[in-house]
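Worksheet: the structure to be examined is printed underneath.
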There are 2 protein chains.
Amino acid sequence: MVRDLLTEPSHEELAEFLDEQLRLGGALVQVVAECEVLYSGRAASVAEAGEYVVLVKADGSVQVQGPRGVKPVNWQPQTDRLDVALEEGVAVLVAERFTPAEFVRVAFHRPALALALELGENGNFLLMGTEAEMQRALAQDPTIIEPGLTVLDMELPTDVGGIDLFARDVAGRLVVVELKRGKATHEAVHQLNRYVQSVRAVVGDAEVRGILAAPAVTAPALNRLGALGLEFREVTALPLVESGPEQVGLFG
Amino acid sequence: MVRDLLTEPSHEELAEFLDEQLRLGGALVQVVAECEVLYSGRAASVAEAGEYVVLVKADGSVQVQGPRGVKPVNWQPQTDRLDVALEEGVAVLVAERFTPAEFVRVAFHRPALALALELGENGNFLLMGTEAEMQRALAQDPTIIEPGLTVLDMELPTDVGGIDLFARDVAGRLVVVELKRGKATHEAVHQLNRYVQSVRAVVGDAEVRGILAAPAVTAPALNRLGALGLEFREVTALPLVESGPEQVGLFG
DNA sequence: ACATGAATATTGGAT
DNA sequence: ATCCAATTTTCATGT
């Protein structure tokens, strides 16, 4: 797993290490150092000299991790070119990307550790409780939303986006359902409203209902929902451990 | 910078190392190992046995980095409790968070490396080209958007959100300006439209214009903009290296 | 390559 | 604590 490890490397040693490991490829290269980071592209940023952990993955992605938080201080998701050089005796890494045009430049002023790791194949990854799962479960059994509901379509395209679930209620009215896997905000309400308006514009004066289905709504969103004549239905995307009387779990 | 380093630790050594370093605090603790990761909370996920780099920062944030991409395979932004244990001879880290209730559980099946790093103070960080900067620059000189424009308000609250810039044009008409630091999508168009509708509802029949100011728009967004009677103005948030004749740079 | 939308989004600020 | 909007969002997906 550990391909190579250098402690307190000199600038020359670090530059050679990086050059060799990146040329070899296939490794996750990591440098712990006091460094200075520049970014220019979609925005521009400067991180003055500080101690960071720099990760360079096999796909060329670069991230500069600081002492706190999940988000890196600087990063680049994918790079088309990686370059290592000694500039005025300091090892420098430049990661460049063409579309969009941007780059990250890390100057390793005081290297403390350099690592090359081979992570090999990783196992399967399973995520449960996504919106897609919720959609499938509700399409399978739309009565979870409301008794008598029948699904007409999923991801039905309109001129303002795709309708998550398009259905007909027990009274024959068309129903637009907007799903959210988490707490729904007013953005979800506006999204739903656009879909309902769009459907109304097509079917004319036929009655069209709009339902926001989510585990929760923010208070302002619920107000707006009512003001627009739309409805809310509590639906949970995750398996429930303890199900209250009002709650509806897809896997309950 | 490197407080401690273990290569090929036994499960017992790793557990002790983690326990000690996390109790001591102030360090970025890292483990390279074949491990299995569980997450449960806002969603649920399982990462089957694979080789990962696990970072535990001083603020309790945990991230499990895989061989590719900037985004971790599993993570937790902040944790209220970190727990290390030996379960059936395997070192296990559990990071728990109370609000929202969630946890990540990492079982280090085959540890290869353990690190404790002290990152110390990091220097200043400067980000340029944010929307806030763009807003300030345009409020300072709104003629960048259009000659004769005078700013009435910034972040003016309406019942559907805050208007980035509220202005009056040379003909005395009210102007709602929505800013985007990147390419504007149809969501930005709908946002702008909501603000314009909201202003119209208040001022009655007075004429209200809506301008979307961004460095670029997607083609569908531009179509919708036209259909709604709104306008687009190209404005760049970043300093321009080479400014074309039609372009307007805030720092040009 | 472009557009779209989800995400365990994260993060910071305002209320 | 809640809500809201920006983000170098990233990332997968469809066209």
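In what follows, chains are A, B, ... by sequence order, proteins preceding strands, each numbered from 1.
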Listed nucleotide nearest any side-chain atom of B/Glu102, set C/dT8, C/dT10, D/dT10: C/dT8
Interatomic distance, B/Asn74 CG vs D/dT10 P [rounded to whole Å]: 20 Å
Pairwise P distance for C/dT8 and C/dT4, with rounding to whole Å: 22 Å
N/O (side chain, B/Lys180) to phosphate O (OP1/OP2, D/dA6) under 4.0 Å: yes
Nearest-Å distance for atom pair NE2/P, residues A/His186 and D/dC3: 11 Å
Touch class at under 4.0 angstrom, heavy-atom based, for A/Gly182 against every strand present: nothing
Whole-Å gap separating C1' (C/dT8) and CD (A/Glu131): 14 Å
Spacing of A/Gln76 atom CD relative to D/dT10 atom P, expressed in whole Å: 9 Å
Short side-chain N/O contact to C/dT10 OP1/OP2 from B/Arg42, under 4.0 Å: yes
Rounded distance in Å - CD (A/Glu155) to C1' (D/dG14): 11 Å
Sugar-phosphate only, base, or nothing, as touched by A/Ala221 at under 4.0 Å among non-hydrogen atoms: nothing
Euclidean distance, atom CD of residue B/Glu133 to atom P of D/dA6 [Å, nearest integer]: 15 Å
Separation of atom CZ in A/Arg68 from atom P in C/dG12, rounded to whole Å: 8 Å
Separation of the C1' atoms in C/dA7 and D/dT7, to the nearest angstrom: 14 Å
B/Arg224 (side chain) donor-acceptor with A/Val160 (main chain) under 3.5 angstrom: no
Given DNA chain D, 5'-ward residue of the pair A/Pro77 and A/Arg224, judged by closest heavy atom: A/Arg224
Under 3.5 Å donor-acceptor, B/Lys57 side chain and A/Gly66 backbone: yes
Candidate nucleotides D/dT7, C/dT11, C/dT8, ranked by approach to the side chain of A/Thr130 - the nearest: C/dT8
Sugar-phosphate only, base, or nothing, as touched by A/Ala219 at under 4.0 Å among non-hydrogen atoms: sugar-phosphate
Side chain of B/Lys183 - closest among C/dC2, D/dC3, D/dC11: C/dC2
N/O donor-acceptor pair under 3.5 Å between A/Arg200 side chain and A/Val208 backbone: yes
Under-4.0 Å salt bridge between B/Glu178 and B/Arg194: no
Closest listed nucleotide, where the reference is the side chain of A/Thr218 and the choices are D/dT9, C/dT10, D/dC3: D/dC3
4.5 Å side-chain heavy-atom contact, B/Leu165 and B/Ile145: yes
Out of C/dA3, D/dC3, D/dT8, whichever nucleotide has its closest atom nearest the side chain of B/Arg181: D/dT8
5' priority, DNA chain D, between A/Tyr39 and B/Val160 [closest heavy atom]: B/Val160
Rounded interatomic separation in angstrom, taking CZ from A/Phe125 and C1' from D/dC11: 13 Å
A/Ala43, nearest nucleotide to its side chain (from C/dT8, D/dA6, D/dT8): D/dT8
Options C/dT8, D/dT8, D/dC4, nucleotide nearest the side-chain atoms of A/Pro220: D/dC4
From CD (A/Gln191) to CD (A/Glu187), nearest 0.5 Å: 7.5 Å
Euclidean distance, A/Thr236 OG1 relative to A/Arg181 CZ, rounded to 0.5 Å: 11.0 Å
Shortest side-chain distance from A/Lys71, nucleotide among D/dC4, C/dA7, D/dT8: D/dT8
Whichever of A/Thr99 and B/Gln78 has its nearest DNA chain C nucleotide further upstream toward 5': A/Thr99
Short side-chain N/O contact from B/Trp75 to OP1 or OP2 of C/dT8, under 4.0 Å: no
